[in-house]
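Okay, structure first, notes after.
Counting starts at 1 for both ligands and their atoms, in listed order. Numbering of residues begins at 1 and proceeds along the displayed sequence.
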Amino acid sequence: MRKSIMILTLSLLTITTTATIVMAQENEEGRRFGNFCSSCHGTAGAAVSDAIPSIGGQHKDFLKNSMMDMKPIVVDGKEQAPKRYSTLMKIFLKGYSEAEIEAMADWYSSRPWVPTSYPLNQDLVAKGKASTQLETCTSCHGANGNNVEDAGIPRIGGQVPTYLYNALLEYKNDKRMTERASEMELVKEISDEELKALAEYFSSLK
Ligand code: HEC
Ligand code: HEC
């Protein structure tokens, strides 16, 4: 009896150790690929600019989907327009395979989410907080903008302000034709001014 328990414990240990090593390797690969990205997205994905998003601690599914949607695809020798608009990322992502993108999404999502310390416009933050739209946004994104139940809904609480505003304009102007973009259709009914205030408010959250 005791012997079989010991054997069971030992084999469980072996399985756990092997799994840990495999995970560590995947993460290590993601970190290595991510070295290039840190010049813009910051060390471990905590952005320092107000227009380049923080990606460290963002949900893995959202990171992977976003990168696959910005990556140009070639069909019959012709490059198709990516589903999601980007200024720079379309150039970089061309060079990465899906498996490499997955490894980077894995590594970045395992880093801590660092709320931005970028100086915010407090008048805009107050306007965003008073917006009648806010309750609808938080019904999906969570009260602090960091819903953790649905990995396809990005964290936006503490994300950098100009990036959030640009993202809202992209949904409004049909520049993000992603699979779940329809959930963001409501922004078409909201003025740019109010979107800017909402973006600044979500940036201020921790
Ligand atoms: C020269 C600066 C720069 C570099 C280098 C860079 N990025 Fe980006 N990244 C951006 C900008 C700017 C955006 C916003 C989209 C755009 O306009 O390209 C962005 C957007 C993203 C997004 C979307 C995040 C979201 O919240 O939707 C992801 C994911 C991302 N980058 C991952 C990476 C990875 C992984 C690398 C390394 C392979 C990388 N980036 C390298 C500037 C950069
Ligand atoms: C029905 C649920 C739902 C509602 C309501 C909603 N969102 Fe979203 N939001 C999403 C989903 C899902 C995505 C990701 C879509 C995709 O994959 O392109 C998203 C993406 C975003 C992004 C892009 C973040 C990034 O990193 O690129 C921002 C910013 C955003 N939402 C802000 C808002 C604001 C502000 C409101 C209120 C006016 C709002 N959302 C209302 C579900 C919702």
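- Among Met184, Arg176, Lys83, the residue whose heavy atom lies closest to atom 23 (C) of ligand 2 is Arg176.
- Note: Phe202 and His141 have tilted aromatic rings, judged against thresholds of 30 and 60 degrees for the angle between ring planes.
- Met70 CE, 3.6 Å is the protein heavy atom nearest to atom 22 (C) of ligand 1.
- Ligand 1 places these atoms under 4.0 Å from at least one heavy atom of Leu63: 29 (C).
- Close approach to Cys140 involves these atoms of ligand 2, each under 4.0 Å from a residue heavy atom: 1 (C), 2 (C), 3 (C), 4 (C), 5 (C), 43 (C).
- Residue-level proximity to ligand 1 for Thr87 is carried by backbone and side chain together, each with a heavy atom below 4.0 angstrom.
- Under the 3.5 Å distance criterion, the side-chain polar atoms of Asn147 are matched with a main-chain donor or acceptor of Asp150.
- For the residue pair Leu164 and Ser203, the shortest heavy atom distance occurs at CD1-OG, 3.8 Å.
- Using a 4.0 Å heavy-atom cutoff, Pro53 is listed among the residues neighbouring ligand 1.
- Each of the atoms 25 (C), 26 (O), 27 (O) of ligand 1 lies under 4.0 Å from some heavy atom of Phe62.
- Listed by number with element, the atoms of ligand 2 under 4.0 angstrom from any heavy atom of Gly152 are 12 (C), 14 (C).
- Residue Ile190 has at least one heavy-atom neighbour below 4.0 Å for each of these atoms of ligand 2: 38 (C).
- For Met89, heavy-atom contacts with ligand 1 shorter than 4.0 Å involve the backbone as well as the side chain.
- Close contacts between ligand 2 and Arg180 involve ligand atoms 12 (C), 15 (C) [criterion: under 4.0 Å to a heavy atom].
- Distances below 4.0 Å separate heavy atoms of Tyr96 from the following atoms of ligand 1: 38 (C).
- Taking every non-hydrogen atom of Thr136 and a distance limit under 4.0 Å, the qualifying atoms of ligand 2 come out as 5 (C).
- Heavy atoms of Arg84 found under 4.0 angstrom from ligand 1 belong exclusively to the side chain.
- At a threshold of 2.8 Å, atom 8 (Fe) of ligand 1 has no backbone or side-chain N, O or S atom of Cys37 nearer than that distance.
- Residues Ser204 and Val125 come closest through the heavy atom pair OG-CG1, 3.6 Å.
- Close contacts of ligand 2 with Pro154, meaning ligand atoms under 4.0 Å from a residue heavy atom, involve 13 (C), 14 (C), 19 (C), 20 (C), 21 (C), 24 (C).
- Both tests pass for Lys196 against the ring of Tyr165: distance under 6.0 Å to the centre and angle within 45° of the axis.
- For the ligand labelled ligand 1, residue Lys90 lies outside the 4.0 Å heavy-atom shell.
- Nearest to atom 8 (Fe) of ligand 1, among the N, O or S atoms that His41 has, is NE2.
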